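Letters A, B, ... are given to chains in the order of the sequence lines, protein chains preceding strands, and every chain is numbered from 1. The analysis underlying the following values was restricted to heavy atoms, covering all of them including side chains, and did not include hydrogens, waters or symmetry mates. From a predicted model like this one, the values you see are computed outputs, not experimental measurements.
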Amino acid sequence: MKIATWNVNSVKARLPNVLAWLKDATPDVVLLQETKTLDDAFPRVEFEDIGYNLALHGQKTYNGVAILSKHPIDDVSRGLPGDPEDQEARYVEAFTGGMRVASVYVPNGQEIGSDKFAYKLKFLGRLARHTEALLRQEEPMVIGGDYNVAPFDIDVYDPAAWEGQVLCHPDERAALRRLLHLGLTDAYRAKHPTAHRWSWWDYRAGAWPKDHGLRIDHLLLSPQAADRLKGADIDRAPRGAEKASDHTPVWCEIAL
DNA sequence: ATGGTCGCGCTGCGA
């Protein structure tokens, strides 16, 4: 099972890029974030034509997450438990191909001390509580997505410049670690313990040509998935394409 | 350099 996560920054604007990558990389399951479209307007047929089933949780203009799978998709649930007031489409979960999978788009947080940063920390706390419940099922599981947190300085091109900034702040790193400490494995880091590789490069200031990136997109595995982890990598090629997303796909291979 | 560039959708917001 090859499982990928990709923040596409609008599935409609990115459709040719995403279809080209799927044909090339042939993942079994793809977790998308920032689809930025209502489910009715999602380009379903284009994905179904190349063999993917879909589970969508969309929203107009902002956010939006999706699961694509070459296997039948069952048991879909939309929205992260823990806050009935939360209307943002940032979490979808399902069972497919013998695994539990979830696509998550953690809030960016915008600015330290802002309401949005508080929402980010609360969201990560809710994700940890929900993950705790999921882990009790003792299934192979992948919770993948744009976590908007670079876990350690090794995940940042210039740690000194980013110290204390959003995506690197100690409070959000601690919140991400509380999630990891439940027993999840960061698939890319497990396979590349010392690599300095990024999954996101800002559109601004020539970050991509200068390789000024951060690793903020992660595939987090339950023990039952981690025990079967065969490989993981970041595919940088899509970031260099015409009309690229500011994120690039991260994938892992699990031998079920 | 206190900016830069995208996407959405029509004005500025979110990232």
Side-chain angles (χ1 to χ4, degrees), chain A residues 5-21 31-44 46-47 56-66 80 83 85-91 103-124 127 144-151 155-158 160-169 171-173 175-176 198-218 234 236-250:
Chain A
T5 182
W6 193 4
N7 179 326
V8 291
N9 186 20
S10 171
V11 71
K12 284 184 279 193
R14 216 64 60 211
L15 191 57
N17 307 50
V18 178
L19 293 174
W21 188 75
L31 311 169
L32 300 178
Q33 301 86 38
E34 280 207 271
T35 53
K36 294 189 174 180
T37 186
L38 289 168
D39 296 350
D40 289 346
F42 197 98
R44 265 186 176 278
E46 288 84 342
F47 291 105
L56 307 177
H57 184 38
Q59 183 183 331
K60 193 176 173 167
T61 310
Y62 301 115
N63 311 314
V65 284
L80 184 63
D83 181 2
E85 305 292 295
D86 187 358
Q87 296 302 307
E88 300 192 13
R90 296 179 174 277
Y91 184 88
S103 177
V104 60
Y105 177 43
V106 174
N108 171 281
Q110 200 159 64
E111 193 181 326
I112 307 299
S114 66
D115 290 349
K116 289 188 168 66
F117 193 72
Y119 171 53
K120 180 181 197 173
L121 296 180
K122 194 167 168 230
F123 187 95
L124 285 165
L127 185 58
D146 176 1
Y147 285 79
N148 267 314
V149 181
D155 301 304
V156 184
Y157 78 94
D158 184 351
W162 280 82
E163 190 180 359
Q165 305 289 314
V166 171
L167 312 185
C168 298
H169 191 274
D171 292 350
E172 58 194 302
R173 285 181 165 175
L176 181 63
W198 329 126
S199 66
W200 168 80
W201 299 256
D202 201 313
Y203 282 125
R204 299 167 292 183
W208 166 249
K210 290 187 274 194
D211 198 24
H212 287 181
L214 282 75
R215 195 176 68 91
I216 58 176
D217 300 88
H218 311 299
I234 301 172
R236 292 163 59 94
R239 184 63 179 84
E242 284 300 306
K243 287 210 53 161
S245 170
D246 47 350
H247 297 251
T248 212
V250 181

List for me each residue that meets ring pair (Phe, Tyr, Trp, His ring centres under 6.0 Å) alongside [X], sequence neighbours excluded, and say none if there are none.
| X | answer |
| --- | --- |
| Phe123(A) | none |
| Tyr147(A) | His218(A) |
| His57(A) | none |
| Tyr119(A) | none |

Between [X] ([atom1]) and [N] ([atom2]), how many Å, whole number?
| X | N | atom1 | atom2 | answer |
| --- | --- | --- | --- | --- |
| Tyr147(A) | dA15(B) | OH | P | 18 Å |
| Phe123(A) | dA15(B) | CZ | C1' | 16 Å |
| Asp115(A) | dG14(B) | CG | C1' | 15 Å |

With a 4.0 Å cut-off on heavy atoms, is Arg239(A) in touch with a base, just the backbone sugar-phosphate, or nothing at all?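 No contact.
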Taking side chain to side chain donor-acceptor pair (under 3.5 Å) as the cut-off, I'd like each qualifying pair that reaches into residues 104-115 of chain A, sequence neighbours left out, listed once.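 Found Glu34(A)-Tyr105(A).
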For dC8(B), does either OP1 or OP2 sit under 4.0 Å from a side-chain N or O belonging to Lys60(A)?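 Lys60(A) to dC8(B) OP1/OP2: no side-chain N or O under 4.0 Å.
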Do the rings of Phe42(A) and Phe47(A) sit parallel, tilted or perpendicular, given the 30° and 60° boundaries?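 Phe42(A) and Phe47(A): tilted rings.
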Between the protein and nucleotides 5-7 of chain B, list the N/O to N/O atom pairs that are separated by less than 3.5 angstrom.
| unit_1 | atom_1 | unit_2 | atom_2 | d |
| --- | --- | --- | --- | --- |
| dT5(B) | O4' | Tyr203(A) | O | 3.3 |
| dG7(B) | OP1 | Arg14(A) | NH1 | 3.0 |
| dG7(B) | OP1 | Arg14(A) | NH2 | 3.3 |
| dG7(B) | O3' | Ser10(A) | OG | 3.3 |

Roughly how far apart, to the nearest Å, are dG7(B) and dG3(B) at atom P?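 Straight-line distance between the two P atoms is 22 Å.
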Quantified in whole Å, what is the C1' atom distance between nucleotide dA1(B) and nucleotide dG12(B)?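 To the nearest whole Å, 23 Å.
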